Student: 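Here you go, one structure.
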Amino acid sequence: MPIHQLSETMINQIAAGEVIERPASVVKELVENALDAHASRVEIVTAGGGLNLIRVTDDGNGIPEKELALAVARHCTSKLSDDIHDIRSLGFRGEALPSIGSVARLTIRSRTASSGNAAEIGIEGGRVATVRPAAANRGTTVEVRDLFYATPARLKFMKGERAETAATSDVIKRIAIAFPAVRFTLAGADRSTLELAASDNSPEGSLRRIAQVMGADFPQNSIVVDAEREGVRLQGHVSIPSFTRANALQQYAYVNGRPVRDKLIAGAIRGAFADVLPRDRHAVTVLFLTLDPATVDVNVHPAKADVRFRDPGLVRGLIVGAIREALAGAGIRAATTGAAGMMAAFRPGAPVYDRDGSTSGHRSYDPAFRSGSANFDPARSPQRPLDMEIRGGFAESSQASFDAGAPLSADGRAGQSEAPEALLGTQLGAARAQVHKNYIVAQTSDSLVIVDQHAAHERLVYEALKNALHSRPLPSQMLLLPEIVDLPEDDAERLALHSETLARFGLGIERFGPGAVAVRETPAMLGEVDTQQLVRDLADEIADNNTTDMLKERLHYIAATMACHGSVRSGRLLKPDEMNALLRQMEATPGSGTCNHGRPTYIELKLADIERLFGRR
Ligand code: ADP
Ligand code: MG
């Protein structure tokens, strides 16, 4: 075949291959057009997952009758003049409508504010019909029927009605977050209706829209991020570390109002949360970057979801720094889902929440089966034998209240007296008892606080170790006899290489012939530790992370490994002043609201909620 110029329709179908991947891409392009036309209402209707019908109606500026033919012609746009570096609209390539028109049956009906009537144009499989008069209000309605009828190969790749319907909802939600003042509705026989009432562009309005899209528990469990560096502004919300997801799908990012999926931003979010989240959990985030359009390239891919920053280091540094600072500034805060889940669990027949805050079904109340029938614990069963109750239950609780009550009483007498006023006013309150050898029960002026002492202590040790990296080395405790640990030669070598860092943490370690190290000192704050196990775990951790991670992150993993060893293991009985000291230390340590694995270290039940449980309110 000789070289020849492809037909206009062929060119458009080739372009459609990239721009129009599935029904959700059509919806995205049409909604972007409506927003570029300054619409305040956008209505979307779909049928058959969008393959049968997509109709987008807006109340925007409209298209003048004489421009309708151009709107469906390739490379025709009203949004780009001569400067590709100054893109302020969502669209600019002038290829969405002709691409859609080449693979589907497309009708555009539009009316501008100044014209007395509407006009309409059709295009089917690339064939354009003449413009004719029509009846419509101001704005534009774009209707797409039989998507991909002209390109059956693409049709075969569709995932089925439900998947396409869901993908379209996602597209709308993603874009709606950036336009809180616009009302969106998404309806159709193939879906349940989604209605996002118009809010406004203030920070509160933006947060209302975020709650509409992501659920009301996100604002409650997130903190504000707002920072600027060299003309780049970062604003938004990130979840507190105890509010996480199993994947990164709930991370929304916008560059100059455009929804993007960007590796750099995703990587920066991961980096910012690296030391408060386990590697398999993901933060929930909504981040808006605003910067000079000339410093970011959006013309990377026809779908316009990729961006390139002129100064990627600046953007990454801004995101990591701003999120870390926000997390530190937020101090300790436990997820409300913990307390909410607990409240729900207390109520007969109430839904049970899992860690994602989603309901996992309705179960009737049975304390023995609370944590799942697989973990049935006879000691907690209402049918437990009496002697068990005496040994396990009463014995422990009397001991605990003795431990906690006596020295706390204001007048020096043992028994249940009021805790000191001053302590009641603190965030975590006055320790009243230790139960089940691991839970500190504390009282504030208006709530009951339960602290997981093991998780809390682990976090405190970790924070102290991290601090030791930047400031004074931690105190160590000399061993009477050095402890020799036998290890594979590689591990011994790796440990020796890190001996200086380990010394900062208070772990004195040196080579002891081939395949062994001698431990002379251990970190004082860890107390008595199993040195052999600690050293082996450290060797594993260093080996695992030696190759890829940056030095600093590696050190954080080392700190985490050590923290895990030194923690007040559940099972240790604490004296009241030890408990109170732990609570005060938690209050003073940013990030101590979650353990190193992202679980909450404490939960707080408001007195009002407790009273509601007892029907007093
Ligand atoms: P682009 O958005 O990149 O300009 P499109 O093919 O999506 O390219 O649209 C072509 C042109 O049609 C737009 O530049 C705009 O002028 C006009 N247009 C499309 N949709 C609308 C709409 N809903 N309201 C007003 N004008 C529209
Ligand atoms: Mg467009």
Side-chain angles (χ1 to χ4, degrees), residues 8-9 11-21 23-45 54-84 86-104 106-115 118-123 126 128 131 134 136-144 147 171-172 175 178-179 182-185 256-259 293 297-306:
E8 188 73 10
T9 299
I11 294 172
N12 284 331
Q13 286 181 345
I14 289 170
E18 284 185 297
V19 192
I20 307 302
E21 199 192 333
S25 352
V26 174
V27 173
K28 171 181 168 292
E29 294 296 333
L30 299 183
V31 170
E32 283 183 358
N33 282 346
L35 294 169
D36 280 344
H38 306 291
S40 63
R41 279 186 295 120
V42 181
E43 282 163 25
I44 304 109
V45 174
I54 295 168
R55 187 192 307 123
V56 177
T57 305
D58 68 58
D59 62 351
N61 297 341
I63 307 171
E65 183 173 346
K66 61 178 188 329
E67 290 180 21
L68 272 178
L70 278 180
V72 296
R74 195 172 161 71
H75 300 316
C76 295
T77 178
S78 57
K79 303 170 192 174
L80 193 63
S81 52
D82 264 348
D83 190 358
I84 187 88
D86 193 30
I87 293 168
R88 292 169 191 272
S89 49
L90 294 167
F92 58 92
R93 300 173 60 101
E95 62 183 352
L97 293 180
S99 297
I100 297 167
S102 74
V103 297
L106 168 73
T107 323
I108 304 169
R109 191 179 317 128
S110 194
R111 178 171 162 187
T112 62
S114 57
S115 68
E120 179 180 282
I121 191 169
I123 164 170
V128 186
V131 176
N137 293 330
R138 185 194 145 178
T140 305
T141 298
V142 180
E143 199 170 278
V144 179
L147 183 62
V171 159
I172 305 290
I175 204 161
F179 292 85
V182 178
R183 174 194 152 90
F184 292 87
T185 55
N256 289 341
R258 175 190 307 282
D297 186 359
V298 290
N299 187 25
V300 179
H301 183 273
K304 300 165 290 180
D306 294 279

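Since this is a predicted model, take the numbers as computed values, not measurements. Atoms within a ligand are numbered from 1 in the order they appear, just like the ligands themselves.
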Student: Please check: side-chain N/O of Asp58 versus main-chain N/O of Gly139, any donor-acceptor pairing under 3.5 Å?
Tutor: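 No, because the side chain of Asp58 does not come within donor-acceptor range (under 3.5 Å) of the backbone of Gly139.
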
Student: Between Asp36 and Ser89, is there a side-chain donor-acceptor contact under 3.5 Å, judged purely by atom types and distance?
Tutor: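 There is no such pair (donor and acceptor under 3.5 Å, judged by atom type) between the side chains of Ser89 and Asp36.
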
Student: Distances under 3.5 Å, N/O of ligand 1 against N/O of the protein: list each pair and its distance.
Tutor:
residue: ligand 1; atom: 2 (O); partner: Asn33; partner atom: OD1; Å: 2.9
residue: ligand 1; atom: 2 (O); partner: Lys79; partner atom: NZ; Å: 2.6
residue: ligand 1; atom: 3 (O); partner: Phe92; partner atom: N; Å: 3.0
residue: ligand 1; atom: 3 (O); partner: Arg93; partner atom: N; Å: 3.1
residue: ligand 1; atom: 3 (O); partner: Gly94; partner atom: N; Å: 2.8
residue: ligand 1; atom: 4 (O); partner: Thr77; partner atom: OG1; Å: 2.6
residue: ligand 1; atom: 6 (O); partner: Ala96; partner atom: N; Å: 3.3
residue: ligand 1; atom: 6 (O); partner: Leu97; partner atom: N; Å: 3.0
residue: ligand 1; atom: 7 (O); partner: Asn33; partner atom: OD1; Å: 3.0
residue: ligand 1; atom: 7 (O); partner: Asn33; partner atom: ND2; Å: 2.8
residue: ligand 1; atom: 14 (O); partner: Thr77; partner atom: OG1; Å: 3.3
residue: ligand 1; atom: 14 (O); partner: Ser78; partner atom: N; Å: 3.0
residue: ligand 1; atom: 14 (O); partner: Ser78; partner atom: OG; Å: 3.2
residue: ligand 1; atom: 16 (O); partner: Ser78; partner atom: OG; Å: 2.5
residue: ligand 1; atom: 20 (N); partner: Asn33; partner atom: ND2; Å: 3.4
residue: ligand 1; atom: 23 (N); partner: Asp58; partner atom: OD2; Å: 2.8
residue: ligand 1; atom: 24 (N); partner: Thr140; partner atom: OG1; Å: 3.4

Student: Assess whether atom CZ of Arg41 is packed by more than 12 heavy atoms of other residues, nucleotides or ligands within 6.0 Å.
Tutor: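 No, CZ of Arg41 has 12 or fewer neighbouring heavy atoms, counting only those of other groups under 6.0 Å.
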
Student: Determine the sole option in Ile108, Leu70, Asn33 for which the side-chain contact (heavy atoms from CB on, under 4.5 Å) test with Ile63 is passed.
Tutor: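 Testing Ile63 for a side-chain contact (heavy atoms from CB on, under 4.5 Å) against Ile108, Leu70, Asn33 leaves exactly one candidate, Ile108.
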
Student: Working to the nearest 0.5 Å, report the span between NE2 of His75 and CG of Asn12.
Tutor: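 If I round to the nearest 0.5 Å, the distance is 8.0 Å.
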
Student: Count the heavy atoms belonging to other residues, nucleotides or ligands that lie under 6.0 Å from CG of Asp83, then report whether that count exceeds 12.
Tutor: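 Buried by this count: over 12 neighbours within 6.0 Å.
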
Student: Is the Mg ion (ligand 2) less than 2.8 Å from at least one N/O/S atom of Thr77?
Tutor: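 False for Thr77.
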
